[in-house]
Number of protein chains: 2
Amino acid sequence: MPSRTVENYLKSILMISINKNCVEVPMGMIAESLKVTPGTATSMVKNLQKEKWLNYKARKGVTLTGSGKKIGMRMIRRHRLIETFLVETLGLDWSEIHEEAEELEHSISDKVLEKLDVFLGNPQFDPHGHPIPSKSGVIRRLSQKSLLDCKVGKKMKIESILDQRTEFLNFAKNKSLMPGNIIKILKYQKIADTVEVQVEKKPKFSLGFNSADKIMVSG
Amino acid sequence: MPSRTVENYLKSILMISINKNCVEVPMGMIAESLKVTPGTATSMVKNLQKEKWLNYKARKGVTLTGSGKKIGMRMIRRHRLIETFLVETLGLDWSEIHEEAEELEHSISDKVLEKLDVFLGNPQFDPHGHPIPSKSGVIRRLSQKSLLDCKVGKKMKIESILDQRTEFLNFAKNKSLMPGNIIKILKYQKIADTVEVQVEKKPKFSLGFNSADKIMVSG
DNA sequence: TTATAGACTTTGATTAATCAAAATTAAAAT
DNA sequence: ATTTTAATTTTGATTAATCAAAGTCTATAA
Ligand SMILES: [Mn+2]
Ligand SMILES: [Mn+2]
Ligand SMILES: [Mn+2]
Ligand SMILES: [Mn+2]
């Protein structure tokens, strides 16, 4: 019933509200995340409100309704299961699956999706370490702690990578910045906005604050 | 570059010209095959001509250009490889894959398609017995002989099933009307427009002329 | 040779999604 | 309390794809 555009809006809005855990998602973030002009986002969001998928307060932002959340979550599940399939079964690299899944998430029937889920053995995390919501829309709470929130010297486990850009993921893999690996912050240089880190026994290197904030960790 | 609508038009036109082997494809068939009104087909076809994908002669029909044929063939390859994947890998029934592939054929990147091809071991035919074009756009000539063109009593091998409707394919499977099986026409009753047939050692049954014409055979 | 039916085309309108640029508002800085 | 800035909304227009219904052709049938 919802068009692929609607599906994209609802998924993006849900992901923003999860990642930044905010209740009201501001229009600017929606426009940025969907790569449309602010005016487009405003007009689209008004339509979504008519369809009862969200509530919109002018100059405040947007809150998903129950049905909006449901569709958004459904899209996240689809996206992540498809990504997992592309890596596990077809052997694509984790850096090239995001755009692919962005399309496929709208094209697969529920039946095929559930077959895929079984075929893959009910995976719980996608290749970037993001939890895959259950069919009924339940998702594991993900770590809200990024590299930036860590004490110097403490060893942490990498949970997931938020940045989905191909180049960033290539860089990350090259530096072994991958889910499961152990990372330590060696130095924290506020003035230069960098952290110096070491992954497992590999050579140390530096990350800017923006990049470090995309590496989610636990432990 | 071409939109999914354009891809659908070019694929449909190519398939009609192959199936009916005619050079000029009439507008009516295009409209019917794409389930749009005749006026829509006319206006769309004019756009396609502007883009050099085909030549259109008013009240005559349409002929694909080289580039139009190339895109059409690419879509046939995609469609059939995806159908094969859905049956071979995910275990869907041959009756429920057509609509699915109709969507997916537009959503998968070339890279994923070729990975799929390798994963499946370069299959030559889809689950309905239709030849899969090579990456470079070469397709095996398919049998032009249907059950209707057979001598009574002669044993023939079923090559492919043209009718893609779910209900027909369910019926066909139930009667073992599937590629590879051996079929014999027992009786040919022009007046009732039925043929009585027997597949392998199974009980005999009747088919209307329209249905019989959808079963392509050889040998 | 006219009629006429059926295939096809034209016309005029609609819808979803988008943009650019102008207008408005609220928050922050002075 | 003003001014400035940044975020957001409004306005007006465009594009691809579609339909309904009116108009036009052309091949056959009377
Ligand atoms: Mn998407
Ligand atoms: Mn992911
Ligand atoms: Mn299609
Ligand atoms: Mn097929």
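Only heavy atoms go into these numbers, but all of them, side chains included; no hydrogens, no water, no symmetry mates. The chains referred to below are lettered A, B, ... by the order of the sequence lines, with proteins before strands, and numbering in each begins at 1.
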## Note on the structure
Atom CG of A:Asn8 and atom P of C:dA16 are separated, to the nearest Å, by 17 Å

### Donor/acceptor link under 3.5 angstrom from B:Arg59 side chain onto base of D:dT24
yes

#### Entry: d(NZ, B:Lys60; C1', D:dC25) in whole Å
11 Å

### Query
Separation of B:Asn47 atom CG from D:dT18 atom C1', in whole Å?
12 Å

### Among B:Glu105, B:His79, B:Lys11, B:Glu7, the one residue meeting side chain to side chain contact (heavy atoms under 4.5 Å, CB included) with B:Arg74
B:Glu7

### Task
Starting from C1' on C:dA17, measure out to CG on A:Leu10 and report it in whole angstrom.
15 Å

### Task
Measure the distance from NZ on B:Lys57 to P on D:dC25 and round it to the nearest whole Å.
18 Å

### Task
Tell me what A:Ser3 touches on the nucleic acid: a base, only sugar-phosphate, or nothing, going by heavy atoms under 4.0 Å.
sugar-phosphate

### Task
Report yes if a side-chain nitrogen or oxygen of A:Thr5 is closer than 4.0 Å to either non-bridging phosphate oxygen (OP1 or OP2) of C:dA17; otherwise report no.
yes

### Query
Does a side-chain N-to-carboxylate-O contact under 4.0 Å join A:Asp110 and A:Arg78?
yes

### Query
With a non-hydrogen cut-off below 4.0 angstrom, is B:Gly28 in contact with a base, only sugar-phosphate, or nothing?
sugar-phosphate

### Query
C:dA16 C1' sits how many Å from A:Lys46 NZ, rounded?
16 Å

### Contact under 4.0 Å: A:Thr37 side-chain N or O vs C:dC19 OP1/OP2
yes

### Task
Apply the test side chain to side chain donor-acceptor pair (under 3.5 Å) to residues B:Thr194 and B:Ser206: give CA-CA distance (whole Å), side-chain angles for both, the deciding distance (0.1 Å), then the verdict.
CA-CA 6 Å; B:Thr194 60; B:Ser206 286; 4.9 Å; no

### Task
Select base, sugar-phosphate, or nothing to describe what B:Ala58 touches, counting heavy atoms under 4.0 Å on all strands.
sugar-phosphate

### Query
For B:Thr40, which contact category applies under a 4.0 Å heavy-atom criterion: base, sugar-phosphate, or nothing?
base

